[in-house]
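Both ligands and their constituent atoms are indexed starting at 1 by order of listing. Numbers here simply count residues along the sequence, with the first being 1.
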Amino acid sequence: MGNCRTSPEIGGMGHSIKRKEDLRFIQGKGNYVDDVQLPDMVYGHIVRSPYAHARLKGINTAEALKLPGVLAVITGEDLAKANLAWMPTLFFDKQMVLATGKVLFQSQEVAFVVAEDPYIAADAAELVEVDYEELPVLVDPHKALDPGAPLLREDREQKDNHIFHWEIGDRAATDKVFDDAEVKARVHAFFPRCHPAPLETCGCVADFNPATERLTIYLTSQAPHAHRTLFAIVGGIPEQNIRVISPDIGGGFGNKVPIYPGYVCAVVASLTLKRPVKWIETRSENLQSTGFARDYHMTAELAASKEGKIKAMRVKTLADHGAFNAAAQPTKFPAGLFSICTGAYDYPTAFCEVDGVYTNKAPGGIAYRCSFRVTEAAFLIERVVDVLALELKMDPVELRRKNFIAPDKFPYASPLGWSYDSGNYDAAMQVALDTIGYDSLRKEQAEKRARGELMGIGVSSFVEVVGAGPSHTFDIAGIKMFDSAEIRVHPTGKAICRMGTKSQGQGHETTYAQIVAEELGIPAADVTVEEGDTDTAPYGLGTYASRSTPVSGAATAMAARKIREKAKKIAAHLLECSEEDLEWEPGKFSVKGAPGKSKSIQDIAFAAYTNMPQGMEPGLEAVDYYDPPNLTFPFGTYICVVDIDKGTGEIKVRRFVAVDDCGNIINPMIVEGQIHGGLTEGLAIAFMQEISYDESGNVQGGTFMDYLIPTSMETPHWETGKTCTPSPHHPFGAKGVGESPNVGSPAAFVNAVVDALSHLGVKHIDMPIAPWKVWNILKEKGVVN
Ligand code: CDP
């Protein structure tokens, strides 16, 4: 945003004010679930399966129960008696809470030990004897569809491993364009299974109080209200008797959207023992059993003219969902918002199909810093456009610019059904090109190539789709996707703002206060923002998929505007004039033509409790449940420059320029921080991370020894820039931004590496691009011995 409308003292939109919450975080004074200590609290530990597929012949808990301090060992059979052995997933499947009959993935939950201290619980878990009979394992989703493949889910009516087929677009019309096409490009790209690996793992403290019959659950939850409703429905507990409190959360990225068996076991144990029960995942449990993302095997094709005009896109994908379909997707979207895969380009025809498959892996499909499969989609289109550029022998920037949706075509109806709200893709591209000095980099590359050196430039011009609802199309587990804000202005003009969302580190306590400051002129420092307590916050669907600003941010502005309407009536009363005679500037109403005659928002707030007009309801507060008319479509162009060491295959990211457009910005410093963080995660996905499985279904990458987290040593200097194309339908023109860097960057990294090797005939390399992969290619191509 250009000029700020408010003074730095008020700190409305566009001010880079420091994050309020950081004061407690940097002093170690945050309050996370594992910090919760309650009198009489006991601890749970999960017994997990070492096998990926095995029949459960028996569980002997006797030795474990003998260990002093052990209070209970809960098994699937125990839960079955209470009809709780299975729970619904977020996507209309059911998942075992604790295994009965058989186990379907390594690390699956088999029993829950409760003890007086966490170490006794862990020791006792090792004393639980489980008799397994190994079964054949399926880790390859392609093989899982073979007619003779072992049936994984015996509980289902459908007797194969196929979960769903979903398609969108015009197949016949698309095939026809391909039949007639002058040029075609094709890429098979696997987006590997990865994990958000948040700083804080998942956990909860379930506290059932038999005296009040209330159940308080301290939960690492990105969606506390939805979780309360699901606990009420599944557990048969009256909803008013459940209070979910999400305290500080150390990173979520989608990992903390599903309900996990550990939560359910802790609740059951607390209801049974009538004591608070704490369950906190270890790092390995987090990586091995909760919250996987991606695992999409994708084939994309583009049809184009010889001049490089794209005519159509065709996509076929196999989605590996693991043992249960626990994907966090809106109901109508089995493959999430993957159909945004047509990208930033203008062509009328496309067809996309996705098949979901069960395998012997942990249930996956969370939206890791991603609006439900947008990352996979953006990666795919930005990869296949580069492959088309190679086919056409055209510069990838030129090809993109030739095909961008023109700014005057918005709202743009995409061939797969989206209505993009606004965009100016060429403008973002231009800023990125100018910042990085594209033309001279290409010259340098040509010179280096002539000398046998390897340098690559990767471009990604992604389009995002964030801010779910609207409610007519979007719901999760039947609950409509809107969101909320409630603002109360106190008599002294200070305020509290309570939200349906839940920050996991995004700085909501600062930015929502800035929205209130912008709309009401109350200094952001005077506004307390509270999230995560279902007893006090208005109902909302929570924070994931960059929906906080587009939806709850909008609700905050709308609630503030309701308050301003009432404030105007009070100002007119105080100034003894009609409302029409008043004009507003942030923080006060003045009489038109007499700027000296004014009342500040603080004067008005006091009057709302002490001197309101006759007949007016006292107080100054409002709540808004915002159902967005559309999603918002942020975008950007990222350019990455890499140098590759021929001797080792090592890739050095020399420069990375990220130009983002998220419409009007609330806090530029926070947005920049979001982009730095997301780019670092994108770097890790592109080069370092994968959760894979060996043939027996053993998790590879289940610890930080194998699943690598980038440190400052691996992380390059990020250069950021921006353009501003406001959303026309959002109350203050903002779009979401948090996930953009994770969505847009993997393609830029991969495109850069492929560009460095393209003269050798390389068109694609699957992530993670580790040095050994590059070195093998160089060896295969005869570049090194
Ligand atoms: O839902 P989530 O908070 O993860 O994503 P978001 O709405 O994209 O917001 C991430 C952070 O960036 C929040 O603190 C927002 O307030 C801030 N933001 C901003 O300052 N301006 C925007 N146009 C978008 C987000």
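Closest protein heavy atom to atom 12 (O) of ligand 1: I670 CG2, 3.8 Å. Distance from atom 13 (C) of ligand 1 to its nearest protein heavy atom, with residue and atom name: Q506 O, 3.5 Å. When hydrogens are left out, the protein atom nearest atom 9 (O) of ligand 1 is T549 OG1, 3.5 Å; that is the closest non-hydrogen contact. For atom 23 (N) of ligand 1, the nearest protein heavy atom (residue, atom name, distance) is N664 O, 2.9 Å. In terms of protein heavy-atom proximity, atom 21 (N) of ligand 1 is nearest to I666 N, 3.1 Å.
Within the 3.5 Å criterion, the main-chain N or O of E519 finds a donor-acceptor partner in the side chain of R564.
Note: I476 CD1 to F372 CZ = 4.5 Å, rounded to the nearest 0.5 Å. In this structure, CG in L520 is found 12.0 Å from CG in D526, a value given to the nearest 0.5 Å. Expressed to the nearest 0.5 Å, how far CG of D624 lies from NZ of K562 amounts to 4.0 Å. In this structure, the separation between CG on L199 and CZ on F253 is 8.5 Å, given to the nearest 0.5 Å.
Heavy-atom proximity to V671, at under 4.0 Å, picks out these atoms of ligand 1: 18 (N), 19 (C), 20 (O), 21 (N).
Residue R547 places at least one N or O, backbone or side chain, under 3.5 Å from an N or O of ligand 1. On a distance-only criterion, Y544 and ligand 1 share no N/O pair closer than 3.5 Å. Between G738 and ligand 1, an N or O atom pair is found at a separation short of 3.5 Å. The distance criterion of under 3.5 Å between nitrogen or oxygen atoms is met by V737 with respect to ligand 1.
You'll find the ring centres of Y707 and F704 outside the 6.0 Å limit.
Nearest-heavy-atom check against atom 3 (O) of ligand 1 across K735, M669, H508 picks out H508.
Of the charged side-chain nitrogens involved, none lies within less than 4.0 Å of a carboxylate oxygen, so that E672 and K722 do not count as a salt-bridged pair.
Taking the six-membered ring where tryptophan is involved, the planes of Y425 and Y420 are perpendicular, since the angle between them exceeds 60° and thus also 30°.
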